[in-house]
Amino acid sequence: MIESIDFNAFSENHPGNHVIGTAPAQIQRVSIDSRKIQNGSGTLFVALRGTRHSGWHFATDAYRQQVRNFLLPVEAQSEELKTELLGANLLFCPDPLQALQALAQTNRQAFKGRVVGITGSNGKTIVKEWLAQVLSENYRVFKNPKSYNSQIGVPLSALGIESGHQIALLEAGISQPGEMKRLASIIQPTLGIFTSIGTAHDENFQNLDQKIDEKCRLFAGCRLIIYRQDVEKISAYLEQHFPPNQRVGWSEKIGADYTLTVKPNGKKGSRILLLGRDLSTYTFTTAFRDPASLENIRHVIVAGLVLGMSPPSLQKGLDLLRTVDMRLTAKQGKNQCRILDDSYNNDLAGLDIALEFMRQQGKPAGKKVLILSEMLQVGVESAVYEEIARRVSRQGIDLFVGVGKTFDSYRKLFPVDSKFYSDTDNLIQHLSDLNLQGDLVLVKGARAFEFERVVRLLEAHVHDTVLEINLNSLRHNFNHYRSKLPAGTKIMVMVKAFAYGSGSAEIAHHLHQIGADYLSVAYPDEGVYLRERGVELPIMVMNSAARHLDLLLRYRLEPVVYDLQTLRELAATTPGDLSIHLELDTGMRRLGLEENDLESVAALLQDHPKIRITGLFSHLAAADEAIHEAFSRQQLALFDRLSQFLMQKVTGRPLRHVLNSAGIIRFPEYALDMVRLGIGLFGVEINGMEQEKLQPAITLKTVVSQVRKLKKGETIGYGRKGRMYADGEIATLAIGYADGYDRRFGNGKAYVQIKGKKAWTIGTVCMDMCMVDVTGLDVREGDTVILFGKNPSLQQLAAWSKTIPYELLTGIGRRVKRLYVLD
Ligand SMILES: *Cc1c(COP(=O)(O)O)cnc(C)c1O
C-alpha cells in the first residue's frame with residue numbers, strides 16, 4: 001500500500017538519519033534479502049544488521065538488480081558505497097530494523113479495514129491460516145505468510161496489506177519480555193485472539209503470569225479479545241485487566257459468551273454444538289477429531305462469528321479444512337522427481353517463500369516445474385499475473401503449468417511451452433503429458449483447488465514411516481550456537497554420516513542458506529556426493545589418503561592430513577594447489593600429528609608451496625563432561641601451543657578450530673577462527689546445560705497399521721513376550737528394528753506418542769513392525785505415531801536404550817523417507 005516514500009520527510013521524524021538523493025521513492029515492495037528481489041525498480045532494499053553477514057554488503061547486489069532505493073545502517077556510509085550505488089536514494093539510519101518497523105506501522109495506519117492480532121504459545125499459525133481460509137468465503141483477506149511472526153517477519157508482513165483488503169490477520173510470536181510492545185504498535189489489532197499458553201520460551205520469563213502479561217500487550221488497543229475461558233490463568237488475567245464488554249470468552253461449560261461442546265460424529269469426525277449467550281444454537285461439523293484441532297477450530301468459529309459471518313457460510317469454510325499439511329514439504333516423487341508440496345494455499349508472498357525453497361534444493365537432473373493454481377489476490381488482476389510471470393522467468397522455471405480459468409486471459413505472459421488447464425480434474429487427466437522425469441516440481445495451489453490430489457499422484461508410494469526434518473528448527477539451533485560465538489567466528493557443520501542420518505545434500509543446501517561457512521564429511525565419497533548435488537561450500541574430509549588425491553582435487557575437497565607420511569606423498573604428487581587441514585592430536589588418541597612431528601611438517605611445507613594449510617585443528621575427547629574439564633582445558637592449551645608454533649612456520653593464515661557442539665557451550669573462549677557444529681544443530685544439547693534453548697529438529701513418525709482388542713491373559717508377538725494383564729487394545733505400528741527402532745525399546749521400555757497420549761510398547765520389536773498398548777486411548781488405524789521428537793525426545797530414547805543420540809540418529813534405516821518441512 002505504501003506507494004511512495006519521501007525519504008526527507010521520513011527522516012525528519014527519525015533523528016540521526018542522513019539522506020542522499022531526493023527523488024521520491026516509488027515503492028511496491030520491501031526486501032531485506034538481495035536474493036529474493038523480484039522487481040528491482042519497485043523495491044526498497046532494507047539492509048538489516050545481521051550478526052555476521054550485514055545486509056549492506058548485499059546492497060550492491062540489489063543495485064545490480066535495478067534497486068534504486070535503500071535504507072542502510074549509518075556505519076555503512078562510505079564514499080566507496082556511495083559510488084557503487086550511484087544515483088540511488090540512500091537513507092542512512094541508526095537502526096534499520098526500527099525504521100522498517102516504522103514503515104510497517106505507517107502502512108498499517110493507512111489501512112481502514114479490520115485487523116486481527118493472534119498470539120499464544122501454540123496454534124497461532126493454524127488458527128491464522130484456518131481463519132483466513134474461512135473468512136475468504138466472504139471477505140478479501142490478508143495474512144502474514146507462514147510463520148512470519150517475529151520482529152522482522154511482522155513488519156515485512158504488515159507492509160503487504162493493501163487498501164483492497166477488508167480484513168488482515170497477523171500473528172505475533174515473541175520469545176522474551178519487551179518484544180510484544182513493538183509488534184503491537186505495528187499490528188494495532190482491532191480484534192485479538194489468545195490461542196493458548198504453554199511452556200515455550202519459559203526460560204526467558206520469570207513465570208507464566210509474566211509471559212501472559214507480555215503476550216496480552218498485543219491487545220492493548222483491541223475492541224474485542226477472544227479467548228478460551230476454561231484456561232484459568234488466561235481468563236483470570238484477562239478478567240482482571242480488560243472490562244467485560246471487551247472480552248469474548250468461549251468454554252465447554254455453560255456461562256461463557258459462546259458454549260462450544262464437541263461430540264463425536266461417527267467415523268466422519270466431530271460435531272461442535274454452539275450455544276450463544278443470546279441462546280442462539282447451531283451445529284457445526286468437522287472432519288477433525290484430535291483435541292488440538294478442535295480447540296483451534298473453535299477459536300476460528302468464534303472469530304468468524306464476531307467478524308460477522310453467518311454460521312452456514314462459516315460451515316462452508318470449515319468444510320475445506322481437511323487434514324492437509326499446511327507446511328511446505330519436500331517429498332520424494334515418482335520417476336526420480338522431487339515434489340515440493342505447498343498445496344495448502346496460494347498468494348504472492350507464499351509463492352516467493354516456496355520459490356526460495358525451490359532454489360535451495362539445488363539444480364535437478366531434469367526440469368524445474370511449477371504447477372500453480374490461480375490466485376485470489378486483491379489488486380489489479382493483470383498486475384498479479386504479470387508478477388507471477390516475472391517470477392517464472394526470474395527463477396528459471398523450465399515448465400510452467402497454470403490451473404484455473406483466469407489464466408486464459410494471461411497466457412501470453414508465460415513462456416510458449418507453458419501448459420494450462422481449466423481445473424484440477426483437467427490437470428489430473430493430462431498429468432502424464434507433463435513427462436515428469438527427474439524433475440523438481442513445486443505444486444502450489446489455493447485450498448479450493450485441492451492440489452493434495454495432484455501431490456498424491458506425483459508422490460512415490462512410500463511406506464508411512466518418515467524422518468521429518470524441520471528446517472526452521474535447524475535454523476533456530478544454528479542461530480543459538482552462533483549467538484554464543486564472537487562475531488567473525490566461522491561455523492563448520494559436520495554433515496558426515498548422511499548429516500547424522502538427516503540427509504546430507506538437503507541439509508547442506510539449507511545450511512548454505514542460513515549462513516554456514518564450511519562443511520565437513522568423514523570420507524571422500526561423502527564429499528563427492530555433495531558436490532554432485534551442487535553443494536558449493538568448502539568441504540573438509542576427515543579421513544582420506546594420498547590415493548584419493550585425484551578425487552579431492554577434482555571435487556575441491558579439503559583433506560585432513562593427520563600423519564607425516566601422507567603429507568609427504570601429497571606434497572610429492574599433487575599436480576596443482578591443494579588446500580588441507582592439519583589435525584593435531586592433543587589427547588583424543590584417534591588421529592592426528594604429534595608434537596615431535598611438527599618440525600618436519602614445517603620443513604616439508606616450506607619446500608612445497610603447492611600445499612596450502614587452510615586449517616589447523618584438534619578434537620576434544622570429552623567436551624561434554626564436566627568431570628573431564630581439566631583434561632579438556634589441557635587439550636585446549638596444548639592445541640594453542642602447537643598451533644601457535646605451526647602458524648609461525650607456515651605462510652598464509654590457517655583457520656584454527658577446536659570446538660564441537662558441546663565445546664561451544666562450555667568453552668566459548670576457545671572459538672578461535674571456526675567451530676565444528678554437529679549434534680547441536682539437530683536440537684540435542686549434549687551437555688544438558690542449554691537444552692531448553694534448542695528445538696528438536698528431527699521427528700521419527702509412523703502410522704498405526706491395525707488396532708485389535710485382546711482379552712486378559714493373551715500374549716503378543718515373538719516369544720510371547722507381551723502379555724495382557726487385563727482386557728484391552730493394542731496397535732501394530734509400521735516400524736521395526738530394520739528402520740532403526742531398536743529392539744531394546746520393546747516390552748514396555750519405551751513409549752510412543754499417539755494423538756498427544758503415551759502408548760507403551762508391548763511385546764518384542766520385530767524387524768518391520770512393533771506393538772504398543774493403546775487401551776482406552778481411542779486410537780484408530782492410520783493415526784500418526786511419534787517415535788521420537790518433542791515427546792518422547794531423542795535423548796529420552798537414548799537413555800532408555802543405554803546409548804547416545806548420535807547412534808540412534810545415524811541408525812535410522814535408509815528405507816525411512818526423509819521429509820523436509822518449513823513451517
Ligand atoms: C563429529 C565431529 C564433530 C562434531 O561433534 P558434535 O558432538 O556432533 O558436535 C566435531 N569435530 C570432529 C572432528 C568430529 O568428528
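The analysis underlying the following values was restricted to heavy atoms, covering all of them including side chains, and did not include hydrogens, waters or symmetry mates. Whatever order the structure lists them in is the order used to number ligands and atoms, beginning at 1.
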Okay, side chain of Gln361, backbone of Phe357: is any donor-acceptor separation there less than 3.5 Å?
yes
Backbone N/O of Ala497 and side chain of Glu526: donor-acceptor pair under 3.5 Å
yes
Polar atom proximity, Gly678 to ligand 1 (N or O, under 3.5 Å)
yes
Parallel, tilted or perpendicular: ring planes of Tyr670 versus Phe667, cut at 30 and 60 degrees
perpendicular
Would you say Arg612 has more than 12 foreign heavy atoms packed within less than 6.0 Å of its CZ?
no
Judged on heavy-atom distance to atom 1 (C) of ligand 1, which of Met540, Met494, Met588, Lys496 sits nearest?
Lys496
For His581, state whether at least one heavy atom is located under 4.0 Å from any atom of ligand 1.
no
From Leu681, Asn660, Val493, Leu591 - option closest to atom 5 (O) of ligand 1 by heavy atom
Asn660
For atom 11 (N) of ligand 1, what is the closest protein heavy atom, and at what distance to 0.1 Å?
Arg676 NE, 2.8 Å
So if I count the atoms of ligand 1 from 1 in the order they appear, which ones are less than 4.0 Å from some heavy atom of Ser661?
6 (P), 9 (O)
Steps toward ring pair (Phe, Tyr, Trp, His ring centres under 6.0 Å) verdict (His619, Tyr562):
CA-CA 12 Å; His619 194 34; Tyr562 47 79; over 10 Å; no
Counting from 1, what ligand 1 atoms have a heavy atom of Tyr500 closer than 4.0 Å?
1 (C), 4 (C), 5 (O), 6 (P), 8 (O)
Report the nearest protein non-hydrogen atom to atom 7 (O) of ligand 1: residue, atom name, distance rounded to 0.1 Å.
Tyr806 OH, 2.6 Å
So, Lys363 and Glu536, do they make that salt bridge, N to O below 4.0 Å?
no
If you have a sec, work out which protein heavy atom is nearest atom 12 (C) of ligand 1 and how many Å separate them, to one decimal?
His619 CE1, 3.3 Å
Atom of Ala622, atom of Ser632 and distance for their closest heavy-atom approach
O-OG, 3.7 Å
